[in-house]
Amino acid sequence: MNRTYLKLTLDLDFILIAITAPLKDYVLCHKINTRLNTQFEKIEDHEIFFNIDEPACCFSKYYFFVEQGEVEYYLICNKSSDGLLIPEMSNVDFFIIIKEFIDKEDLDYLINGLNKLPDIQVAAKIDPVKLKSKENLVI
């Protein structure tokens, strides 16, 4: 009998920024909007099913769209009452996912602006391919 194998690859074509900040999600979002002139807005939570038999784990999610270049930004909490979105990064509180192309100057401006906020301990770019739980970041 012939067997056919299906190889599944994830679309990890995005930039990932990890943020450590001991703030509520809406407070961080407001500070980022004020400081960096963004317009993050709360959208439907990011749902992940860790087990088929259990209900989905929900993580707070915010969205910002830039028409010039059609760049999408997502701010997602790493921590919720259900657990961690990316368990191997337990010291990270939030992630920013940037879909579509963003040039190096804009990315540096964003990271530097985040690091200048007094409540953010650190904001750094991370390679999503190296994460064990990378499938949890697919939107």
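Along the sequence shown, residues are numbered consecutively beginning with 1.
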Compile the donor-acceptor pairs under 3.5 Å between side chains in residues 17-30 and protein atoms, sequence neighbours left out, one pair per line.
unit_1 : atom_1 : unit_2 : atom_2 : d
Thr20  : OG1    : Asn91  : O      : 3.3
Asp25  : OD2    : Ser60  : OG     : 2.4
Asp25  : OD2    : Tyr62  : OH     : 3.3

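Considering every non-hydrogen atom in both Ile86 and Ser133, the closest pair reads CD1-O, 3.3 Å. Closest approach of Leu131 to Leu16, counting heavy atoms only: CD1-CD2, 3.8 Å. Looking at every heavy atom in both residues, Ile97 comes nearest to Leu137 through CD1-O, 3.6 Å. For Lys132 against Glu135, the heavy-atom pair with the smallest separation is O-OE1, 3.5 Å. Residue Val129 comes nearest to Lys134 through the heavy atom pair O-NZ, 3.3 Å, listed as atom of the first residue, atom of the second, then distance. Taking each heavy atom of Ile96 and Leu75 in turn, the nearest pair found is CG1-CD1, 3.6 Å.
Screening residues 66-107 for ring pair (Phe, Tyr, Trp, His ring centres under 6.0 Å) gives Tyr63-Tyr74, Phe64-Tyr73 as the qualifying pairs, with residues at least two apart or on separate chains.
Of the possible polar contacts, none joining the Lys61 side chain to the Ile43 backbone as a donor-acceptor pair under 3.5 Å is found.
Every residue was checked against the salt bridge (Lys or Arg N to Asp or Glu O under 4.0 Å) condition with Lys125, not counting sequence neighbours, and none meets it. Residues that satisfy the side-chain contact (heavy atoms from CB on, under 4.5 Å) test with Ala56, not counting sequence neighbours, are Glu47, Phe49. For Lys116, the side-chain contact (heavy atoms from CB on, under 4.5 Å) partners two or more places apart in sequence, or in a different chain, are Arg35. Every residue two or more places apart in sequence or in another chain that forms a salt bridge (Lys or Arg N to Asp or Glu O under 4.0 Å) with Asp119 is listed here: Lys31. The side chain to side chain donor-acceptor pair (under 3.5 Å) test applied to Glu100 returns no partner, not counting sequence neighbours. Residues satisfying the side-chain contact (heavy atoms from CB on, under 4.5 Å) test with Ser80, not counting sequence neighbours, are Phe59, Asp82. Residues passing the salt bridge (Lys or Arg N to Asp or Glu O under 4.0 Å) test with Lys104 are Asp108, sequence neighbours excluded. Looking at residues two or more places apart in sequence or on another chain, you find a side chain to side chain donor-acceptor pair (under 3.5 Å) between Asn33 and Thr38.
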Checklist line | side chain to side chain contact (heavy atoms under 4.5 Å, CB included) evaluation trace for Val66 with Ile102 | finding: CA-CA 11 Å; Val66 177; Ile102 180 173; over 6 Å; no
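When side chains are defined from C-beta on, Val92 does not count as touching Leu84, because their heavy atoms never get closer than 4.5 Å. Considering only heavy atoms from C-beta on, Phe65 comes within 4.5 Å of Glu70 through its side chain.
When the side chains of ILVMFWY residues are joined at heavy-atom separations under 4.5 Å, either directly or via intervening members, Ile15 and Met89 end up in two distinct hydrophobic clusters.
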